[in-house]
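So you know, we letter chains A, B, ... as the sequences are listed, proteins then strands, and number each from 1.
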Amino acid sequence: MEIPKQYTPLGTEDKWYKRWMDSGCFKSQPDNREPFTIVIPPPNVTGVLHMGHMLNNTIQDVLIRRARMQGKNACWVPGTDHASIATEAKVVNKLRSEGIEKSSLTREQFLDHAWQWKEKHGGIILDQLKKLGASCDWDRTKFTMDPDMSEAVIDVFIDLHKKGLVYRGVRMINWDPSAQTALSDEEVIFKETPSKLYYIKYFIEDSSESITIATTRPETILGDTAICVHPEDERYAHLVGKNVFVPLVNRAIPIIADEYVDREFGTGALKVTPAHDVNDYMLGIKFNLPVIDVIASNGTMSNAAQLYIGQDRFAVRKQIVKDLETSNNLVKSEDIINKVGHSERTDSVIEPRLSLQWFVKMGEMAKPALDAVNNGSVKLHPAKFVNTYKHWMENVKDWCISRQLWWGQQIPAWYDGQGDFVVAKTEQEAIAAFSEKGKSFSTGQLKQDEDVLDTWFSSWLWPISVFDPQFVNKPKSEWNEDLRYYYPTHDLVTAPEILFFWVARMIMAGIEYTGEVPFSNVYLTGIVRDKLGRKMSKSLGNSPDPIDLIHKYGADGVRMGMLLTSPAGNDLPFDESLCEQGRNFNNKIWNAFRLLSGWEVADIEQPESSKQAIHWFGERLKEEVKNVEELFQKYRISEALMGLYKLTWDDFCAWYLEAIKPAYQQPIDRKTLNETKAYFEELLKLLHPFTPFITEEIWHFLSERTPGSYLMMDAQPKVSSFDSQVIQEFEQVRNVVAAVRNFRNEKGISPKETLDLICGSRTQQNLLPFTAVLEKLGNLSPLNYVSEKPQGSFQLMVGNDEFFLPANETMDLEAEKEKLEKELTYTRGFLDSVLKKLQNERFMANAKKEVVDSEKQKESDAIQKIQALENQLMLLNEMN
RNA sequence: GGGAGUUUAGCUCAGCUGGUUCAGAGCAUCUGCCUUACAAGCAGAGGGUCACUGGUUCGAACCCAGUAACUCCCACCA
């Protein structure tokens, strides 16, 4: 069979994914093994895979595959999120493109469309994850609006309401006029926006005086109900208590004084519009000011504005400035940059708006969630996010959970039409609840709350509800088997952007409903950026299509590309060359496989060099197994990968295979081949979590496998002790080989020409264990040892070992001398610094014994080296 | 406005409780090689005042203070 020189992932990856699926490799059921659980951060149901997902899910798959191979019962639960506002916006747009306005539809009609949209587009993203190799238990796929998942959300709402943690109230909330819904504080993004600050004169009642205020939002003056100045501001002291007229409408409003006002800003006088600004609202409450709501929910002026009714707020802003100029109220305007809140989803400018909404009290729930992170029950990786988390949890505000949308869980509150309501799961229960209050209603008389719940109000239950949606108010003994077995989950992998939206709230819900934190480790990924440092996004068009990348480099190549340079919490500056590097690596493994599959086996004696190489690589492999284990425990996944990359490419391919490689068309001895295959298999196991497809492919080629057995189900190499001395000794041999090769390079000696390397006598024992390897890889004749430098030879110092190589007649004495002198100067300086320490009483008194000992060793090493160098230099001088 | 973080080779990053055999890795670069596993490769090499300034110490990339630049988070400045 001819094996191609280049590995082609294309058909191979689909083949293995299908076989894994068909064999049920991804499935998990509770059993007596230790569980290892990850729940996927559910992507938006109608979303498309982007680079952020690629990074995130690659990491999850690495963790879950490794755990599975460590004998744990690994369960990765996939699913999607209904993403109420994002999905509803998409459906609205789609309908609009068909000439249908949402407002012309009933709730039921709209939801029909939304579900159709979900059926059509939902699941695309999950299929894309399969291309990546994600080993999710697909039988467990959940959707946050599955009937049972939604029921859990409603149960929690009702329960929290009962506990007094959910309440309804009038608050200043963030209003998105284009989506026509309230948003939580977290969904508002403040952007620096060039604006104009308008100075507007208000005339004072019964006076010829006026007072000038500064505002960026002149359209709201129609809702002004006061002017506020600082109580100690002498400029205005005499005006406090008087009335002024609101321009254009000539309504009289008072001048009040409060310390909130910043005397330095603008004119030091502030217009107060309680309906349209959070601070003004607070002032309004304090001074008992009326609230005039001049902007309607769709962003146009309301009837209460009296003027410009029905016109858009931004058009009115322009118009009112003109009109104020005409009416002689406009003093001036200046350009400023201010921060304007935008909707995360629709990007429209947020309108602070007073409205009746539902909230979750955060204070009590935040405390244990904060403790959980402080005491390490939940570990954040990297730990720097602990500070951010703390800060947020200590200053958390109540969470506005009602959304004026249709796509989502409708709030289970029932209104009697006379200002009273009850919270109940069904209309029947609501009627019953009212009757307890002495009010009697029959079916159809109550009206359910029109609003739905914030998406995060369902996803905060995700780690619980994916296993048992009927967990509310049940003791652990009544949980179903899945929840008891898989919960709490082990790792959560997500973006820092949703640390507060989601992670913090899951911790709260977990503690509230299970008494346990929902996961023990949170791996926070960075943001995937382009070469210019911009976040990859659809709107910028700077993101490659992940599926294209997979076609080009293979899923294995892309997975490596995602992980090669992305320590936890660090942004990933993505470049396709990373995937190329991954692909190249896979090709390297492929060719290692080609090499050993091409050998003919014979029952011949095992060469000494092979014995030595096997000995060394065995230790080196054990060292790396330990290293990888430690790195995983610290969630330093890219470093673990890099360790294996070097182990495979450098140690295994470049050194080990070269050392055991038989001469051209010569057979290999059976023992060496078997050892080599065993080592290769260990490497494949270690690499499998990172590059599952190619490793599975080669593993099956490497030996006969019993049907139905897979590398992905095999066991990871176990950590064991190793002999670090052997590794060090081999390292020195490597350095000697490199020095010889460099010598050849410099002197233009072909690698094919065998050289006579002569060792200084004291180096003999250092090299002894690996002499055969040294001779083979350096292409050297059998080593000789001497105590004196042979005439007319080059000297090589490798560490403290001294070597000589025969010189041809064109030896450049001056260059050699220069090199030696350079090294001599360095070594003398080094010795000086060592001596300085050893002669320093305070060093000798304070430093640890190991440090002192190592310094003494350094001293004697350096002295010997200097002697050797001086000796050399002397000989060279004699030759002159 | 408050808080956190970062600054080490051209790029992306390691450097744990201070000890000059710790200044590292990968990629990129340069040189030489189409050597019968792999040019998606092989062999070698070069490259850094560890942001800056002071301090502590026998000794500082590492500890302290200040400066500068950048990043992120939170916040109601009209």
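Taking a cutoff of 4.0 Å between a charged side-chain nitrogen and a carboxylate oxygen, A:Lys397 and A:Asp185 do not qualify as a salt bridge. A salt bridge is absent between A:Arg263 and A:Asp233; no separation between the charged side-chain nitrogens and carboxylate oxygens falls under 4.0 Å.
Near RNA chain B, defined here as any heavy-atom distance below 4.0 Å, the residues from residues 630-641 of chain A are A:Arg636, A:Glu639, listed numerically.
Residue A:Gln666 is out of contact with every strand shown, counting any heavy-atom pair closer than 4.0 Å. Among the heavy atoms of the strands lying under 4.0 Å from A:Asp571 are primed sugar atoms or P, OP1, OP2 only; no base atom is included. Nucleic acid contact class of A:Pro751 (heavy atoms, under 4.0 Å, all strands): none. Here A:Asn338 lies in heavy-atom contact (under 4.0 Å) with sugar-phosphate atoms only. Residue A:Ala654 is classed as a sugar-phosphate contact, given heavy-atom separations below 4.0 Å to backbone atoms only.
B:C62 and B:U8 have their C1' atoms separated by 11 Å, given to the nearest Å.
Contact check, A:Lys5 against B:C38: a side-chain N or O comes under 4.0 Å of OP1 or OP2. For A:Tyr260, no side-chain nitrogen or oxygen approaches OP1 or OP2 of B:A78 to under 4.0 Å. Note on A:Asn742: every side-chain N or O is 4.0 Å or more away from OP1 and OP2 of B:A43. Checking the phosphate oxygens (OP1, OP2) of B:C42, no side-chain nitrogen or oxygen of A:Trp655 falls inside 4.0 Å. At B:A37, one or more side-chain N or O atoms of A:Lys661 fall inside 4.0 Å of OP1 or OP2 (strictly under the cut-off). OP1 or OP2 of B:A40 has not a single side-chain nitrogen or oxygen of A:Arg583 nearer than 4.0 Å. Between A:Asn591 and the phosphate of B:G41, there is no side-chain N or O to OP1/OP2 separation shorter than 4.0 Å. Contact between the side-chain N/O atoms of A:Lys397 and the OP1/OP2 oxygens of B:C76 is found at a separation under 4.0 Å. The phosphate of B:C13 (OP1 or OP2) has a side-chain N or O of A:Asn570 nearer than 4.0 angstrom.
Taking a pair to require two hydrogen-bonding distances under 3.5 Å in either a Watson-Crick or a G-U wobble arrangement, B:U12 pairs with B:A25. Figure legend. B:C72 is base-paired to B:G3; pairs are counted as Watson-Crick or G-U wobble with both atom distances under 3.5 Å. In this structure, B:G41 forms a base pair with B:C33, meeting either the Watson-Crick or the G-U wobble geometry with both donor-acceptor distances under 3.5 Å.
Between A:Tyr7 and A:Trp590, the two ring planes are tilted [angle within 30° to 60°].
Side chain of A:Asn591 to main chain of A:Lys5: a donor-acceptor pair is present (N/O by atom type, distance under 3.5 Å, no hydrogens or angles). Between the side chain of A:Asn586 and the backbone N or O of A:Gly582 there is at least one donor-acceptor pair closer than 3.5 Å.
Between the side chain of A:Lys588 and the base of B:C38, a donor-acceptor pair under 3.5 Å is found. Between the base of B:A37 and the side chain of A:Glu658 there is a donor-acceptor pair shorter than 3.5 Å.
In this structure, A:Leu673 atom CG and B:A37 atom P are separated by 15 Å, rounded to whole Å.
Screening residues 268-279 of chain A for salt bridge (Lys or Arg N to Asp or Glu O under 4.0 Å), with sequence neighbours left out, gives A:Asp224-A:Lys271.
Looking at which nucleotide of RNA chain B each of A:Thr215 and A:Asp185 is closest to, the 5′-most match is held by A:Asp185.
The aromatic ring centres of A:Phe680 and A:Phe652 sit less than 6.0 Å apart.
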